[in-house]
There are 2 protein chains.
Amino acid sequence: MLDKTDRKLLCMLQEDCTKSLQVLAEAVNLTSTPCWKRLRRLEDEGYIRGRVALLDNQKLGLGLTVFVLIKTQQHSAAWYQTFVQLTAHIPEVLAFYRLAGEYDYLMQVEVADMNSYNSFYKQLVKGVPGLLDVTSTFAMAKIKYTTALPVPE
Amino acid sequence: MLDKTDRKLLCMLQEDCTKSLQVLAEAVNLTSTPCWKRLRRLEDEGYIRGRVALLDNQKLGLGLTVFVLIKTQQHSAAWYQTFVQLTAHIPEVLAFYRLAGEYDYLMQVEVADMNSYNSFYKQLVKGVPGLLDVTSTFAMAKIKYTTALPVPE
DNA sequence: AGTGAAAGAATCACTTA
DNA sequence: TAAGTGATTCTTTCACT
């Protein structure tokens, strides 16, 4: 279980994981060793999945975010396998969820422009048979995007 | 502009930013100093937005991902301000996009369970007047979720 | 782009409450 | 069981080549 100190550490690290042990330790009124032991425990127990660098979409020339809503009639395990194989490994697909509701799947796709999206789209509908409805919804503005989860009390 | 070495460094760091300079440098056939200078440049020029720890939803008791599709008739700047103020600062809202198409906004919300989502939902529809259609779509499975952007050639 | 030195941070064995 | 000290080792950073 997590105490208040653990939660504070997790919050700080999901904002910025370059903070040094010293800084983290001071913030929770510890010295570096007990703080380090906590971090290691949080990592070992799986609270921390990893530490990553976040890159800038625009700088990389990725100007277009598309949300793809998909309906299908195929519900066999084999079809699902193929679908996931063909799509989840495409680097432009950042997120991919199976949904409950009107649509069966939601995909977040990051591409350079409409041209690139067109290529992706063709690849998708050609590669995966049995897609009933593929609705592409384009993002006009990114109001918020964070990787920081709400850390409960 | 980015050369092949820069791109490789960016790719490695968006997988795991705890890699030491030595490891990174070896991977791109450099010694640590020139490698470090590149990283600093990539950071200064804004290619790297930050380095963060990724936490585990389940471990934090966040078992429910909801995508909220919103239609509105309000399009004034003032209304938009209020809407964004009231929603973007809610920690359960991880992502929030303005869309082109049938729906006006898409929100990704991470909560513990249906109960918590109910609270969030009530807070949303009470706090923000003029929401025409708020469709909550629940994720059944997370097939893919990555923060790693495709790094172009 | 590289060398080598200096500064800084993480890690650990051991001690204390 | 949790925190602290101090030594060791590993990393980052920088002046200089």
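Reminder, nothing fancy here: chain letters follow the sequence lines and each chain counts from 1.
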Interatomic distance, A/Trp36 CH2 vs D/dT9 P [rounded to whole Å]
15 Å
Tell me: CD of B/Glu26 to P of D/dT11, nearest whole Å?
11 Å
Hydrophobic cluster identity match, A/Leu60 and A/Ile90, side-chain contacts under 4.5 Å
no
If you check the B/Thr33 side chain, which of C/dG2, D/dG6, D/dC14 turns out closest?
D/dC14
With ring centroids as reference points, do A/Tyr105 and A/Tyr97 lie under 6.0 angstrom apart?
no
Please state how far atom CG in B/Leu30 lies from atom P in D/dT12, giving the value in whole angstrom units.
15 Å
Should A/Lys71 and A/Glu102 count as an ion pair when the cut-off is N to O under 4.0 Å?
yes
When you measure from the side chain of A/Leu21, which nucleotide among D/dT13, D/dG4, C/dT11 comes out closest?
C/dT11
Measure from CG on A/Leu13 to P on C/dA10 and round the result to the nearest Å.
11 Å
Calculate the interatomic distance between A/Asp3 atom CG and D/dA3 atom C1'; express it in whole Å.
13 Å
Given D/dG4, C/dA10, D/dA15, identify the nucleotide with an atom nearest to the side chain of A/Ser20.
C/dA10
Between C/dT11, C/dG2, D/dC14, which nucleotide has the shortest distance from any of its atoms to the side chain of B/Arg40?
D/dC14
Taking the six-membered ring for Trp, are A/Phe96 and A/Phe83 parallel (under 30°), tilted (30 to 60°) or perpendicular (over 60°)?
perpendicular
If you check every side-chain atom of A/Pro34, which of C/dA1, D/dA3, C/dT3 has the closest atom?
D/dA3
